[in-house]
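In this text the structure is predicted, and so the values were computed from the model without any measurement.
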Amino acid sequence: KHRYHNIYNAVDAYGVLFEEYGRMVADEIGVPYEESKCVVLQNPIQIAGDVDLAQPRDKRVLFVGRLSYWDKRIDRLLSVWKLIYKDFPEWRLSIVGEGGERHSLETFVSENALERVEFLGFEPNPKHLYETSEILCLTSTIEGCPMVLLEAQMCGCATMAFDCSYGVREILSPNWEYGVYVPNGDIDAYANALSQLMSDDELRKKIQKNGVESVRRFSVEASVKQYDDLIKKLLCK
């Protein structure tokens with residue numbers, strides 16, 4: 001908080017990823033958000049073009065990210081899979097990424113005799129996995145602006161996560177329209193929601209279609225305009 005105060009007092013504009021983060025900063029500083037220096041400067045994503053949602057996809061639940069415990073908590077996804085995988089024999093769980101937790105995660109899979117779980121390692125360009133998977137799952141305890149959700153949406157993947165931050169909520173809202181989020185840390189709620197998403201083809205296709213449209217809010221062009229507007233505003237002061 002002390003660092004926030006020092007930075008805020010020293011700058012002409014205080015960039016935040018989402019409005020709610022700005023409101024948190026303004027509240028801490030003690031000024032109304034509308035009168036604060038906070039300005040939204042979102043992370044951009046390069047839109048890849050049209051997505052053919054009619055193409056068949058693999059019955060795959062996908063995770064893409066760093067295999068670390070303190071933030072990503074892939075162990076929670078394995079706990080979810082343990083609860084539901086027997087009901088979905090055609091589906092598999094693919095974990096893409098590397099990190100210090102890989103050994104413990106593989107041990108959990110082995111000790112619990114979990115089926116249809118694969119560790120694919122680091123993938124420098126997972127676009128083909130987004131394009132061929134049905135669902136992208138994030139089970140983090142904390143996120144700022146999780147780009148993996150935007151990347152998956154752009155490629156027509158249905159996305160879901162724990163409600164661990166304003167960023168997650170902003171990307172996936174309205175809930176069950178652009179994506180799915182459940183109370184942070186509630187494994188049973190996550191398992192129930194994922195089961196519903198896996199079993200309801202019509203619902204999943206709707207979320208995939210809506211996600212493709214929603215991600216355009218984060219295009220490079222939209223981000224450039226935010227920076228351009230800010231620069232012009234500052235130069236006019």
Quick one: pull up [atom1] in [X] and [atom2] in [Y] and give me the separation to the nearest 0.5 Å.
| X | Y | atom1 | atom2 | value |
| --- | --- | --- | --- | --- |
| Ile171 | Arg217 | CD1 | CZ | 7.5 Å |
| Leu93 | Leu114 | CG | CG | 9.0 Å |
| Ile7 | His2 | CD1 | NE2 | 10.5 Å |
| Trp81 | Arg116 | CH2 | CZ | 5.5 Å |
| Leu138 | Cys164 | CG | SG | 6.5 Å |
| Tyr4 | Glu28 | OH | CD | 9.0 Å |

inquiry  = So, using ring pair (Phe, Tyr, Trp, His ring centres under 6.0 Å) as the criterion, who are the partners of Tyr130 when residues are at least two apart?
reply    =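 Not a single residue meets the ring pair (Phe, Tyr, Trp, His ring centres under 6.0 Å) criterion with Tyr130.
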Does the side chain of [Y] come within less than 4.5 Å of [X]'s, by heavy atoms?
| X | Y | value |
| --- | --- | --- |
| Thr132 | Arg60 | yes |
| Ile84 | Leu194 | yes |
| Glu131 | Asp52 | no |
| Arg92 | Asp58 | yes |
| Val180 | Leu172 | no |
| Arg76 | Ile187 | yes |
| Val117 | Leu105 | no |
| Leu136 | Glu151 | no |

Quick one: hydrophobic cluster around [X], which other residues, with the 4.5 Å side-chain cut-off, linked directly or via members?
| X | value |
| --- | --- |
| Ile142 | Trp70 |
| Val39 | Leu41, Tyr227, Leu230, Leu234 |
| Ile231 | Leu235 |

query = Of all residues at least two apart in sequence or in a different chain, which pass the side-chain contact (heavy atoms from CB on, under 4.5 Å) check with Asn43?
reply =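 For Asn43, the residues satisfying side-chain contact (heavy atoms from CB on, under 4.5 Å) (neighbours in sequence not counted) are Leu17, Cys145, Met147.
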request  = Check side-chain contact (heavy atoms from CB on, under 4.5 Å) between Gln208 and all other residues, then give those that pass, not counting sequence neighbours.
outcome  =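 If we apply the side-chain contact (heavy atoms from CB on, under 4.5 Å) test to Gln208, skipping adjacent residues, the hits are Leu53, Arg57, Glu134, Ala158, Arg204, Lys205.
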Can you list the residues that meet the side-chain hydrogen bond (donor to acceptor under 3.5 Å, both in side chains) rule with [X], with sequence neighbours excluded?
| X | answer |
| --- | --- |
| Ser199 | none |
| Arg169 | Asp163 |
| Thr139 | none |

message = Can you classify the ring geometry of Tyr21 versus Phe18 as parallel (below 30°), tilted (30 to 60°) or perpendicular (above 60°)?
response =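 Aromatic pair Tyr21/Phe18 classed perpendicular.
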Which heavy atom of [X] sits nearest to which heavy atom of [Y], and what is that distance?
| X | Y | result |
| --- | --- | --- |
| Val212 | Met154 | CG2-O, 4.4 Å |
| Tyr33 | Ser36 | O-OG, 2.7 Å |
| Cys137 | Val61 | SG-CG1, 3.6 Å |
| Val182 | Ala193 | CG1-CB, 3.8 Å |
| Gly144 | Ser165 | O-OG, 4.1 Å |
| Gly22 | Cys38 | O-SG, 3.6 Å |

inquiry  = One thing to verify: whether Asp229 and Lys233 come together as a salt bridge, which I'm taking to mean a side-chain N less than 4.0 angstrom from a carboxylate O.
reply    =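 Looking at Asp229 together with Lys233, the answer is no, because their closest N to O distance does not fall below 4.0 Å.
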Path from [X] to [Y] over hydrophobic side-chain contacts below 4.5 Å:
| X | Y | answer |
| --- | --- | --- |
| Phe218 | Ile207 | yes |
| Leu197 | Val64 | yes |
| Leu129 | Leu67 | yes |

message = Given Leu150, which partner from the list Ile47, Thr159, Ile45 fulfils the side-chain contact (heavy atoms from CB on, under 4.5 Å) test?
response =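 Going through the options one by one, the only one that passes is Ile45.
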query = Do other residues, nucleotides or ligands put more than 12 heavy atoms under 6.0 Å from Lys59 NZ?
reply =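 Above 12, so yes.
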key: Over 12 foreign heavy atoms within 6.0 Å of CD, Glu202   =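 No, not enclosed.
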message = Does Glu177 form a salt bridge (charged side-chain N to carboxylate O under 4.0 Å, His left out) with Lys206? I'd like the steps, not just the answer.
response = CA-CA 7 Å; Glu177 292 291 332; Lys206 180 193 76 170; 3.3 Å; yes
inquiry  = side chain to side chain contact (heavy atoms under 4.5 Å, CB included) for Gln226 and Val40? Distances and angles first, verdict last.
reply    = CA-CA 7 Å; Gln226 291 175 337; Val40 175; 3.9 Å; yes
query = Which pairs, with at least one residue in residues 170-211 and sequence neighbours excluded, count as a ring-ring contact (aromatic ring centres under 6.0 Å, His included)?
reply =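 For residues 170-211, and leaving out neighbouring residues, the ring-ring contact (aromatic ring centres under 6.0 Å, His included) pairs sorted by first residue read Phe162-Tyr190.
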request  = Write out all pairs satisfying ring-ring contact (aromatic ring centres under 6.0 Å, His included) with one or both partners inside residues 93-123, taking only residues at least two apart or from two chains.
outcome  =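 Residue pairs with at least one partner in residues 93-123: there are none.
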request  = Please lay out, stage by stage, how Ser94 and Glu118 fare under the test side-chain hydrogen bond (donor to acceptor under 3.5 Å, both in side chains).
outcome  = CA-CA 5 Å; Ser94 299; Glu118 57 182 358; 2.4 Å; yes
inquiry  = Quick one: does any side-chain atom of Ser110 pair with a main-chain N or O of Glu106 as donor and acceptor, under 3.5 Å?
reply    =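 Side chain of Ser110 to backbone of Glu106: no pair is present.
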task = Starting from the C-alpha separation in whole Å, work towards a yes-or-no answer on side chain to side chain contact (heavy atoms under 4.5 Å, CB included) for Arg66 and Asp71.
result = CA-CA 9 Å; Arg66 183 176 60 257; Asp71 53 352; 2.4 Å; yes
task = Hey, could you give me each pair passing side chain to side chain donor-acceptor pair (under 3.5 Å) that has a residue in residues 7-19? Not counting sequence neighbours.
result =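 Non-adjacent pairs meeting side chain to side chain donor-acceptor pair (under 3.5 Å): Glu19-Arg23.
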